[in-house]
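In what follows, a single structure is set out as structure tokens and then discussed.
Hydrogens, waters and symmetry mates are skipped; everything else that's a heavy atom, side chains included, is used. Positions are given from 1, in the same order as the sequence printed here. As the structure is a computational prediction, the values presented were derived from the model and not from experiment. Atoms within each ligand, like the ligands themselves, are counted from 1 in listed order.
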Amino acid sequence: MARYIFLDRDGTINIERPNYVQRWEQFEFIPGVLDVLRLLKENGFQVFVVTNQSCIARGIVDEPVVVEINRRMCEAVRDAGGEIARAYHCPHAPEISECECRKPAIGLYERAAREFGFDSSQAWAVGDDARDLKPCRALGGRVVLVKTGKSAGYEKGFWDIEPDYVADDLLAAAKLIIGIENTGG
Ligand SMILES: [Mg+2]
Ligand SMILES: [Zn+2]
């Protein structure tokens with residue numbers, strides 16, 4: 001059975017930078033993440049990256065640069081034996097224009113489910129911020145918070161959404177999800 005997982009990018013896959021990842025040279029995988037993506041592929045997961053990149057609307061990074069950074073991320077993952085089915089980004093900034101794609105909106109999660117033909121209520125989401133988790137919860141999926149980025153100091157009750165699970169990092173989250181799926185949960 002196919003398995004589906006939405007991953008946040010900054011703070012979940014790569015180290016969060018104080019003022020956005022503006023060039024590929026600033027993109028640094030969190031240690032172990034490439035192995036995790038291989039593990040997910042070996043266990044039959046299709047992985048979708050969904051990332052808010054308001055740096056585009058704010059004029060800090062050109063959209064083709066963001067697209068290129070995501071392409072190189074996918075390439076590095078493939079070279080390490082993993083696979084990202086597709087990386088989606090929202091280029092908008094809330095104070096400049098409203099959109100349907102900036103997390104916590106569900107737009108990009110719905111789009112992935114439509115493009116790849118799966119039921120999003122069967123999906124998982126992993127991220128370091130409440131807004132990564134809300135779309136998947138809204139669509140009926142299960143959500144795991146990782147404490148590698150914005151949420152390092154997370155405690156229960158911080159947000160208006162409680163994750164189904166909290167994990168130290170993506171490896172711990174992946175092991176948890178694989179374990180649940182393998183026991184038919
Ligand atoms: Mg993040
Ligand atoms: Zn958007």
About how large, to 10 degrees, is the angle SG of C101, then the Zn ion (ligand 2), then SG of C90?
-> 110°

When you look at CD of E95, are more than 12 heavy atoms from neighbouring residues, nucleotides or ligands closer to it than 6.0 Å?
-> yes

Shortest-distance N, O or S atom of D8 relative to the Mg ion (ligand 1) | OD2

Of all N/O/S atoms in D128, which lies nearest to the Mg ion (ligand 1)?
-> OD1

Would you say the ring centroid of F45 lies under 6.0 angstrom from that of W124?
-> no

Minimum heavy-atom distance between G11 and D128, given as atom pair plus value | O-CB, 3.7 Å

Might you point out which heavy atoms bring V143 and C136 nearest each other, and give the distance in Å?
-> CG1-CB, 3.7 Å

Closest H92 atom to the Zn ion (ligand 2) [N, O or S only] = ND1

Among the N, O or S atoms that D10 has, which is closest to the Mg ion (ligand 1)?
-> O

ring-ring contact (aromatic ring centres under 6.0 Å, His included) test vs Y109 passes for just one of F116, Y88, F6, namely F6

